[in-house]
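First the structure, in the form of structure tokens, and then the observations on it.
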Amino acid sequence: MPRRRFLTLAIAILALGAMLRVVWLRADPPTTSVGVVWHDEGAWTHNARNRALWGTWITDNWNPVYIAPVFTALEYAAFRVAGVGQWQARTVPAASGLIAIAALMAGLAAAAGRRVALVGGLLLATEFTWVMWNRAALMESTMTMFMVVAWAGYALAQRHARWGAAAGAAAALAWFTKAAAAFFVAAIVLDALLALVMRGRSAEQVSARRAAWWTLAGGALAGGAIVAAFVWPHWREYWFYNVQMSVERKPSYAWRNLVDRASWIPVTQDIVSRLWPLLAAAALAIGNAFARLRESRPAERLLVWWLLLGLLELTVHDSGNERRYVMLIPPIVALASMGLASGAAWVSAQAVSATVRARLLFAPVALALLYLLCASALRSLLVDKAAEHPYQLDVRLSAVMALAGVAVLLFRWRPVVSWLATHGIAWRAAVLLIGSITLWNLGQFTGWAAHRTDFNYRASVELGRLLPPGTLVQGKLANGLDLENRIRPIFIGNGFGNYADRLDRDDVRYILTYDLPSLGYESQHEGNLISEILDRYPQRQPVATFDVEETTGPDRAVLIDKHARNK
């Protein structure tokens, strides 16, 4: 494809992606499927808002700047340029989404060609879950954007090694946007080390080693600079927020819990089901990469490590939260694009003669991928959320099917792999599939747009009319509704934030929480901290209620005066 045509189409894809991300930027996110928790936006932009409004980063004991210093800095820049507000906060993830699309196309063009790059760019630009997370002022889009930039830099470094420095630096920035990106840092370091130990003398292997050195150096320098300038001076706070609060407090690491989280990945949320056609194509691409591991391109290998280690991260920490899956969308899209748009067979002919040892090494990966595909395909038929064990039937049946599939693959390796090595997807079929996926995603966006609301924005504006600037308000929801006013929210988490003195803040007159779908809904999984506080103020009275949009049912926030009868 001529370079000029490629650039024209790439710009058109970016324009489409920009339109999907910036129109109606104050609208409420969808209440189903994607899992955006809107009232977290104010909580995670808290320190940036503090700095923009009050001239100081820290005003209370909730300070996510120690979790997400890069995200906080970018949000502060947005507030400084455009003022504090909901749409201003959402410009950071919207820009992150667009940068990720551009970087994915650049990396795919270097690693697999321009046609593959355009397919990948189109799929990522329109993928509904990715679009909606790009419209929410939360860290996941920005963290994932840095991962995509790092991967693209690594792909470009195979041609010009100095791009590796940008790849390493972007990986470090992903980590300091959200520490959940540590698995990606491990992935890029793993592949760089693998490139260094492959001692071949071909031009490609020499270039890969140079790129690896630049990548490791760039990551070390960027990470070291951030540690020296930010982490070390605030080590106590950094350790608390990133280890004690985020790791030690949340998951259980017993074997049974690890098995549960692993088995729940394709069933507890429907994001894997929505990505099923792309995941199927990505699974074949992963098999192809393993079949020729020593000859595969570094950028292709890094996509495989990204996806596999990302699934391991879900298993270790949390597979029940939709936000955890956002970071896996770009590698699935990239790997699927390579399989759908390359015009090649599904796997390399080298795979047919793979040794028994190589087949056995691939068997666990094949088992995991087959389980993901089977369980996510059967999810809508077998998962019953009303049952005592809603995932049991799907998990067990899918596990049996995956084991049977691996057994067939191992005992009938040559005929199965020979067929895959001589067949691919026809270009017309690929166009039809890619077009169908794109139209389906655009249809979801159109359906959301036709029924969109802006309850949360209006509630924040109304709260500012009721309360003068600087008014202290307790509750997580106070952070959620603080972007269009000048209140001072007092965030309360379970064992963190302003938790220690939550019952003794008589100086705080107001508390803001849900009363629909239930009182204190936002803290129901943390022992309902709101009810615990309200029980100490029997004289309390509601001041105002606000319609908000969080669940599929009616949602309402209530502002409560804790000292109503003492006025």
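Predicted model, so just to flag it, every value in this text is computed and none were measured.
Closest approach of Ala289 and Glu300 over heavy atoms only: CB-OE2, 3.9 Å. When every heavy atom of Ala171 is checked against every heavy atom of Phe184, the shortest pair comes out as CB-CE2, 4.1 Å. Residues Leu124 and Val333 share a closest heavy-atom pair of N-CG1, 4.0 Å. The heavy-atom pair separating Ser376 from Leu373 by the smallest distance is OG-O, 3.3 Å. Smallest separation of non-hydrogen atoms from Ile13 and Ala125: CG2-CB, 3.9 Å. Asn134 and Gly97 get closest at one heavy-atom pair: OD1-CA, 3.2 Å.
Judged by the 6.0 Å distance and 45° axis criteria, Arg115 is positioned over the aromatic ring of Trp427.
In this structure, the side chain of Ser141 engages the main chain of Trp133 through a donor-acceptor pair within 3.5 Å. Checking side-chain atoms of Arg21 against main-chain N and O of Gly17 turns up a donor-acceptor pair under 3.5 Å. Checking side-chain atoms of Arg159 against main-chain N and O of Ala110 turns up a donor-acceptor pair under 3.5 Å. Using a distance-only test at 3.5 Å, with no hydrogens or angles considered, a donor-acceptor pair links the side chain of Asn441 to the main chain of Ile437. Checking side-chain atoms of Thr422 against main-chain N and O of Trp419 turns up a donor-acceptor pair under 3.5 Å. A distance-only check finds a donor-acceptor pair linking the side chain of Trp38 to the backbone of Glu549 [under 3.5 Å]. Remark: the backbone N or O of Ala94 is not paired with any side-chain donor or acceptor of Arg135 at under 3.5 angstrom. Side chain of Arg210 to main chain of Ala161: no donor-acceptor pair is present (N/O by atom type, distance under 3.5 Å, no hydrogens or angles). Checked by atom type and distance alone, the side chain of Tyr325 never pairs as donor or acceptor with a backbone atom of Asp270 at under 3.5 Å. The main-chain N or O of Arg261 is found under 3.5 Å from a side-chain atom of Ser319 such that the two form a donor-acceptor pair.
Dense packing is recorded around CZ of Arg26, with more than 12 heavy atoms of other residues, nucleotides or ligands lying under 6.0 Å away. Shown here is Trp213, whose CH2 atom has no more than 12 heavy atoms of other residues, nucleotides or ligands within 6.0 Å. With a 6.0 Å radius and a threshold of 12 heavy atoms from other residues, nucleotides or ligands, Trp163 has its CH2 atom at or below the threshold. Crowding of Trp306 atom CH2: a count of heavy atoms from other residues, nucleotides or ligands under 6.0 Å exceeding 12.
One finds the CZ atom of Arg162 at 14.0 Å from the OG1 atom of Thr215 (value rounded to the nearest 0.5 Å). We find the CG-CG distance between Leu279 and Leu369 to be 7.0 Å, quoted to the nearest 0.5 Å. The distance from the CG atom of Leu309 to the CG atom of Leu314 is 11.5 Å, given to the nearest 0.5 Å. Rounding to the nearest 0.5 Å places CG of Leu278 at 9.0 Å from CD1 of Ile434. Interatomic distance, OG1 of Thr129 versus CZ of Arg323, reported as 14.0 Å (0.5 Å rounding). Note that the OG atom of Ser337 and the CG atom of Leu108 stand 6.0 Å from one another [nearest 0.5 Å].
Two residues are said to be in side-chain contact when any heavy atoms from C-beta on lie closer than 4.5 Å; Asp28 and Arg452 fail this criterion. Side chains of Phe183 and Met147 form a contact here, defined as non-hydrogen atoms less than 4.5 Å apart. Counting heavy atoms from C-beta on, the side chains of Leu378 and Met401 come closer than 4.5 Å. Within the 4.5 Å cutoff, the side chain of Ile265 has no heavy atoms near those of the Thr268 side chain. Contact check for Leu311 versus Thr315: no side-chain heavy atoms found under the 4.5 Å cut-off. Between Ser263 and Tyr391, the closest side-chain pair of non-hydrogen atoms is not below 4.5 Å. A 4.5 Å side-chain heavy-atom check between Val34 and Arg274 finds at least one atom pair inside the cut-off. Contact of the Val189 side chain with the Leu193 side chain is registered, since non-hydrogen atoms from C-beta on lie closer than 4.5 Å.
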(message) I'd like to know whether Leu98 forms a side chain to side chain contact (heavy atoms under 4.5 Å, CB included) with Ile101, so could you lay out the CA-CA distance, the side-chain angles of the two residues, the decisive distance to 0.1 Å, and finally the verdict.
(response) CA-CA 5 Å; Leu98 290 174; Ile101 297 166; 4.3 Å; yes
(request) Would you sort out whether Met145 and Thr177 count as a side chain to side chain contact (heavy atoms under 4.5 Å, CB included), showing the intermediate values? (result) CA-CA 10 Å; Met145 175 269 289; Thr177 299; over 6 Å; no
(request) Quick one: do Leu14 and Met105 satisfy side chain to side chain contact (heavy atoms under 4.5 Å, CB included)? Show the steps, please. (result) CA-CA 10 Å; Leu14 287 171; Met105 287 193 287; 4.0 Å; yes
(request) Go through Met338 and Leu303 one step at a time and tell me if the side chain to side chain contact (heavy atoms under 4.5 Å, CB included) criterion holds. (result) CA-CA 11 Å; Met338 290 178 176; Leu303 288 173; 3.7 Å; yes
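The aromatic rings of Phe290 and Phe362 sit tilted, their planes meeting at an angle between 30° and 60°. Between Phe445 and Trp448, the ring planes are tilted. Angles from 30° to 60° get that label.
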